[in-house]
Amino acid sequence: MTLTQIENNVERLLNTFNQEEFVYDFLLAFDTPKSVIQRLKKGALNLSKNADEVVIKKKLFFMVVTAPELQTILPLLANNKSIVKNQIRFVVVTDYQSILAIDTKTYEQIEIAVTDLKDHVTFFLPLAGMEKYLAEEEKDADVKAATYMAKLFDEIKKTNSTSTLDEVHHLNVFLSRLLFCFFAEDTGIFKKDLFTGSIANFTQQDGSDLSDYLEKLFEINSVLNV
């Protein structure tokens with residue numbers, strides 16, 4: 001499952017929001033098999049017997065609380081013996097208006113409105129088997145850059161074959177070159193707005209000639225060994 005697919009799943013979840021199904025729709029959005037969801041609903045995989053909790057070993061502790069409890073319950077749950085014993089990765093608490101969550105591996109924590117969940121899917125990517133690596137510095141920038149590159153990768157694959165090793169290699173090289181150009185512009189290696197400004201000034205707004213422009217640009221760079 002791709003990042004774009006997860007975002008689309010979360011968007012559908014929000015558009016058809018249902019409190020009773022929320023936790024199951026949330027898990028489905030992050031590629032949890034439907035068979036697992038069915039077993040959870042029957043209580044077979046839920047380690048909690050409480051009606052307002054869903055606990056999945058090594059994955060999720062989900063708890064519904066009232067609004068006044070929201071700000072006080074999460075720190076207590078983070079050191080809960082059951083959470084430690086079952087190696088829970090994400091502790092999620094909600095009153096269906098706001099969500100508080102903590103990643104017990106990285107100690108990252110978020111507090112968001114439920115309606116903003118789509119903007120924070122990267123926080124929960126390990127639920128879909130997509131582990132995060134973030135340096136301590138510039139975490140937000142790293143997340144945004146990774147998100148945009150993942151979306152670009154997905155979009156390129158829609159209209160370009162990536163069925164052979166050579167095709168995948170060429171796509172990786174192309175994305176690496178783009179990432180370097182953005183990095184060079186951001187850090188001052190290039191003059192301010194040199195790369196993005198050139199694209200804006202010398203290509204059509206509909207992107208119809210962008211491919212030719214980038215091809216010539218990277219050919220020149222290769223000749224100059226840039």
Side-chain angles (χ1 to χ4, degrees), residues 3 5-34 36-132 134 136-144 146-147:
L3 177 61
Q5 288 173 320
I6 293 173
E7 288 184 329
N8 290 339
N9 290 342
V10 171
E11 185 172 17
R12 282 194 294 271
L13 176 161
L14 296 175
N15 290 337
T16 59
F17 184 81
N18 181 317
Q19 290 187 7
E20 292 183 359
E21 296 293 317
F22 177 78
V23 64
Y24 305 117
D25 291 339
F26 174 76
L27 288 167
L28 282 170
F30 287 87
D31 208 24
T32 301
K34 291 182 179 180
V36 171
I37 300 301
Q38 291 301 320
R39 294 181 66 188
L40 275 174
K41 288 183 176 181
K42 294 177 180 178
L45 293 180
N46 189 354
L47 299 179
S48 176
K49 302 305 179 183
N50 298 326
D52 58 355
E53 294 178 2
V54 172
V55 182
I56 308 173
K57 189 176 181 66
K58 295 185 177 181
K59 278 200 170 187
L60 179 70
F61 183 103
F62 175 88
M63 184 177 186
V64 180
V65 298
T66 61
E69 295 175 296
L70 200 60
Q71 299 299 327
T72 59
I73 193 71
L74 191 58
L76 299 176
L77 289 176
N79 294 314
N80 180 282
K81 289 183 178 180
S82 176
I83 292 172
V84 175
K85 176 184 177 182
N86 292 299
Q87 300 175 301
I88 301 298
R89 178 63 185 269
F90 289 99
V91 178
V92 178
V93 181
T94 184
D95 62 353
Y96 293 122
Q97 298 297 318
S98 299
I99 292 177
L100 270 66
I102 185 169
D103 183 333
T104 63
K105 181 177 180 178
T106 65
Y107 300 104
E108 292 178 272
Q109 182 173 327
I110 60 171
E111 178 179 354
I112 59 173
V114 169
T115 52
D116 292 334
L117 184 58
K118 183 184 175 183
D119 297 327
H120 298 272
V121 295
T122 53
F123 181 84
F124 298 102
L125 284 181
L127 289 175
M130 302 161 68
E131 193 57 61
K132 303 175 291 183
L134 296 177
E136 285 301 315
E137 297 179 356
E138 298 184 349
K139 284 186 179 181
D140 290 341
D142 288 345
V143 170
K144 289 179 180 178
T147 299

Using every non-hydrogen atom in the two residues, find where [X] and [Y] come nearest and quote the distance to one decimal.
X	Y	result
Lys49	Gly43	NZ-O, 4.4 Å
Thr115	Leu14	O-CD1, 3.8 Å
Val10	Phe30	CG2-CE1, 4.2 Å

For [X], side-chain contact (heavy atoms from CB on, under 4.5 Å) partners two or more places apart:
X	value
Ser48	Asn46, Asn50, Glu53, Val55
Ala51	none
Asp119	Asp116

Nearest-0.5 Å distance, [atom1] of residue [X] to [atom2] of residue [Y]:
X	Y	atom1	atom2	value
Leu13	Asn8	CG	CG	12.5 Å
Ile102	Glu108	CD1	CD	10.0 Å
Phe61	Ile83	CZ	CD1	5.0 Å
Ile37	Ile56	CD1	CD1	6.5 Å

Any chance the side chains of Arg12 and Asn9 put a donor and an acceptor closer than 3.5 Å?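 Yes.
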Which of parallel (below 30°), tilted (30 to 60°) and perpendicular (above 60°) describes Phe124 and Phe90?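 Rings of Phe124 and Phe90: tilted, 30 to 60°.
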Side-chain heavy-atom pair Glu7, Thr122 within 4.5 angstrom cut-off: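 The answer is no, as the side chains (C-beta and beyond) never meet within the 4.5 Å cut-off.
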Report yes if the side chains of Ile99 and His120 come closer than 4.5 Å at any heavy-atom pair, otherwise no.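 Of all side-chain heavy-atom pairs linking His120 with Ile99, none is under 4.5 Å.
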Checking Arg39 now: which residues fulfil side-chain hydrogen bond (donor to acceptor under 3.5 Å, both in side chains) with it, not counting sequence neighbours?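 Listed in chain order: nothing, the list is empty.
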Among residues at least two apart in sequence or on other chains, which ones pass salt bridge (charged side-chain N to carboxylate O under 4.0 Å, His left out) with Lys118?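 Salt bridge (charged side-chain N to carboxylate O under 4.0 Å, His left out) check on Lys118 returns Glu11.
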Between Asp95 (side chain only) and Gln97 (backbone N and O only), is there a donor and an acceptor less than 3.5 Å apart?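 At least one qualifying donor-acceptor pair exists.
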By the side-chain hydrogen bond (donor to acceptor under 3.5 Å, both in side chains) test, which pairs, at least two apart or in different chains, include something from residues 56-68?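 Matches after skipping sequence neighbours: Thr66-Glu69.
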Quick check on side-chain contact (heavy atoms from CB on, under 4.5 Å): which of Val65, Ile112, Val114 does Thr94 satisfy it with?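 Running side-chain contact (heavy atoms from CB on, under 4.5 Å) over Val65, Ile112, Val114 with Thr94 returns exactly one hit, Val114.
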Validation: residues 18-29 side-chain donor-acceptor distances under 3.5 Å, sequence neighbours left out:
from, atom 1, to, atom 2, distance (Å)
Asn18, OD1, Glu20, N, 2.9
Asn18, OD1, Glu21, N, 3.2
Glu21, OE1, Lys41, NZ, 2.9

